[in-house]
Structure formats: structure tokens, C-alpha cells
J.: 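I'd like to ask some things about the structure below.
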Amino acid sequence: MQLATWNVNSLNVRLPHLLQWLAENPVDVICIQETKLTNDKFPVAAIEAAGYAVEFSGQKTYNGVAILSRLPMTDIVRNNPLFPDEQQRILAATIDGIRVVCAYVPNGQAVDSDKYRYKLGWMAAFRDWLAAELARNPQLAVLGDYNVAPEDRDVHDPAAWEGEVHVSPRERQALGALLDVGLADAYRLFDQPEKAYSWWDYRMLRFQKNQGLRIDHILLSSPLAARCTGCTIDRVPRKWKQPSDHTPVIATLG
DNA sequence: ATGGCCTCGACCCGAGGA
């Protein structure tokens, strides 16, 4: 079984990319973020024609998450019941006995800004809810754009980024608190190439220079981590025309 | 040269992303 995550940065623009990627990478489940679509505009027919059931939670212009699955989805939850939020950033479904959570963690904009405080509060509430989800189902997979690079090796230039949003100590602690619930970063369960990133700024030829951040993650509870046989980042779609600035991450479960 | 891009919405710039 393969689970993937991809921040598509507008599904309206990226639907052809998503369909092409799924044709070449027929994963069982993909969590997507930043759909930027209201639910009435969601391209259900095109995705079902590609062989996927789909659930989504969207809003106008910003945010929006969706889960595509080859197998049926049950027990759909939108947003965190512990954190009332207008912004559509969380979607959960149970698939083949696995609780799959799709998350788009707030950006944070700048350290100590209002958006940064919202990010930290959001992540603390997310932690509490994930702890409850894990208690309900020990098979938990949390996939998404966390907007936090866990360690300096996940940052192309740690000195330049020191203390900045996405790497600041409080954000890393908040991500660590998610792991402490009983989750593992699937990517780090395996030997990986150095300078591996999942996002590159559109500006300054950052992708061509491989100057990015690893901020898109797949977190697995212990029973799923034990089943995980690989985790990779697929840089290929970042090279396509009019790409998302993020690229997919894929975990394989045996 | 301290910026550079992309998307959206509303109306050609501003907000937000990371």
C-alpha cells in the first residue's frame, strides 16, 4: 500500500499535474493541500474517472484539503473538533483500517506575528486531537504540509534560515510534540540522500540550485512504521511546466 | 542589484504563500 502527500498550490491550476502524476504513480491514497477551491468547484468527476474516491474540505481562495483513495473512505472528519477554525486545513478518513489524516499546517508568515501565534496554537490543538485519534485507532498516518523543517539537515542553508519561520525553535518543538504523541517521520526511517527537500521557492532559481526545505511529511504510528518499507520524495513534477512549488512525498507500507 | 515567483480576487495592484 502506498500513501502520498502533495501540496498542489491550487487544484484548479494543478489538476492536469495531479492526474498525470497519478497515472505514473498509481498510489492507493494521496492527501492534497491548498486546493483553493470551494466544494462546489471541486473536480469530482475527473478524479473519479482516474479511479479514486475523493473527500474534500475547501474554501474560497485559500487553504483547502482533500483525500483521494482507491479504496472506500469512512468516518470522515473535517477540521479539528478541539479547535474551531474557519480555515479548512484538516480532513480525516478511515481507509482499509488505517486512520488517514490530511493536514495543511498554517504558514506562520513571520516569527511572533499574529499568524505565527495562530500556527503554534493550531499545532498544539492538533497534537491533542491526534493523541485522541491514536487512542481510538493505533493505525494512524498523518500526511501533509507541516510548514516546519524538522532539523537543519532539512534546510538548504541553516545559517541563513536560523530563527526564521519554518525552522524556529518553537515551531520545531511543536512538530516534536506531534511526534511525541507516538508518530515517526517516515522519511527518516531510512537512509536518504543529502540535501533532500520537498519545497523550493519559485524565485531565484531555487529549484534549479536545489535550495529548498523539507516541510512536507508523512508521520506514522508504531504499527504502521513497522510496516513501512520505504519513503521517497518525487522531484519529477517540480520540473514540469507551471509546477506546484511543492513536490510529492510517498510512503510504502508492506 | 537585498529583488527576483505564483495564485487569487478584484479590478492592475495587494495579500498570502514559504
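Residue numbers begin at 1 in each chain, while the letters A, B, ... track the order of the sequences.
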J.: Whole-Å distance between dC8(B) C1' and Leu11(A) CG?
T.: 15 Å

J.: Rounded to the nearest 0.5 Å, what's the gap from CG on Asn80(A) to CG on Asp85(A)? Could you check?
T.: 8.5 Å

J.: Name the nucleic acid region contacted by Ile215(A), choosing base, sugar-phosphate or nothing; use a 4.0 angstrom heavy-atom cut-off, strictly under.
T.: sugar-phosphate

J.: What integer number of Å spans the C1' atoms of dC12(B) and dT7(B)?
T.: 15 Å

J.: Verify, without hydrogens or angle tests, whether Arg214(A) (side chain) and Lys195(A) (backbone) share a donor-acceptor contact under 3.5 angstrom.
T.: no

J.: Without decimals, in angstroms, what is the distance between Lys209(A) NZ and dC5(B) P?
T.: 13 Å

J.: CH2 of Trp200(A) to CG of Leu205(A): how many Å apart, nearest 0.5 Å?
T.: 14.5 Å

J.: I want to verify a distance call: between dC8(B), dA18(B), dG4(B), whose nearest atom is closest to the Asn107(A) side chain?
T.: dA18(B)

J.: Write down the distance between CG (Asp201(A)) and P (dC6(B)), rounded to a whole number of angstrom.
T.: 10 Å

J.: Check whether any side-chain nitrogen or oxygen of Ser10(A) sits under 4.0 Å from OP1 or OP2 of dC8(B), and answer yes or no.
T.: yes

J.: Let's see if you can work this out: which of dG17(B), dG16(B), dA10(B) has an atom nearest to the side-chain heavy atoms of Lys60(A)?
T.: dA10(B)

J.: Give Glu164(A) one of three labels, base, sugar-phosphate or nothing, depending on what nucleic acid heavy atoms sit under 4.0 Å from its own.
T.: nothing

J.: Could you check which of dT7(B), dG9(B), dG17(B) has an atom nearest any side-chain atom of Asn9(A)?
T.: dT7(B)

J.: Rounding to the closest angstrom, what is the interatomic distance between dA10(B) and dG14(B) at atom C1'?
T.: 10 Å

J.: Can you find a heavy atom in the side chain of Asn7(A) that is under 4.5 Å from one in the side chain of Trp199(A)?
T.: no

J.: Answer yes or no: does a side-chain N or O of Gln109(A) lie under 4.0 Å from OP1 or OP2 of dA15(B)?
T.: no

J.: If the cut-off is 4.0 Å, is Thr61(A) near the phosphate of dG9(B), judged by side-chain N/O to OP1 or OP2?
T.: yes

J.: From C-beta outward on Tyr104(A), which listed nucleotide comes closest to its side chain: dT7(B), dG9(B), dA18(B)?
T.: dA18(B)

J.: On a whole-Å scale, what distance lies between the P atoms belonging to dA15(B) and dG4(B)?
T.: 15 Å

J.: Describe the nucleic acid contact of Asn7(A) in one word from base, sugar-phosphate, nothing, applying a heavy-atom distance below 4.0 Å.
T.: sugar-phosphate

J.: Taking only the P atom of each, what is the distance from dG17(B) to dT2(B) in whole angstrom?
T.: 26 Å

J.: Using heavy atoms to find the nearest nucleotide of DNA chain B for Pro243(A) and Arg206(A) separately, return the residue whose nucleotide is more 5′.
T.: Arg206(A)

J.: Using a 4.0 Å heavy-atom cut-off, does Val13(A) contact any base of the nucleic acid, only the sugar-phosphate backbone, or nothing at all?
T.: sugar-phosphate

J.: Establish whether Val105(A) and Leu175(A) are linked, either directly or via other cluster members, by ILVMFWY side-chain heavy-atom contacts under 4.5 Å.
T.: yes

J.: To the side chain of Lys115(A), which of dC6(B), dG16(B), dA18(B) is closest?
T.: dG16(B)

J.: Find the distance Gln211(A):CD to dT2(B):P and express it as a whole number of Å.
T.: 18 Å

J.: Whole Å only: how far is the NZ atom of Lys119(A) from the C1' atom of dG16(B)?
T.: 14 Å

J.: When rounded to the nearest 0.5 angstrom, what is the spacing between OG in Ser198(A) and CG in Asp154(A)?
T.: 8.5 Å

J.: In whole Å, measure the gap between the P atoms of dA18(B) and dC8(B) for me.
T.: 14 Å

J.: Scan Asn147(A) against the nucleic acid and name what it touches under 4.0 Å (heavy atoms): base, sugar-phosphate only, or nothing.
T.: sugar-phosphate

J.: Quick check on dT7(B): is either OP1 or OP2 less than 4.0 Å from any side-chain nitrogen or oxygen of Arg14(A)?
T.: yes

J.: At what distance, to the nearest 0.5 angstrom, does CD1 of Ile32(A) lie from CD1 of Ile47(A)?
T.: 5.5 Å

J.: Measure from CD on Glu34(A) to C1' on dG16(B) and round the result to the nearest Å.
T.: 9 Å

J.: Rounded to whole angstroms, how far apart are CG on Asn63(A) and P on dG16(B)?
T.: 11 Å

J.: Given atom NZ of Lys36(A) and atom C1' of dT7(B), what is their separation to the nearest angstrom?
T.: 5 Å

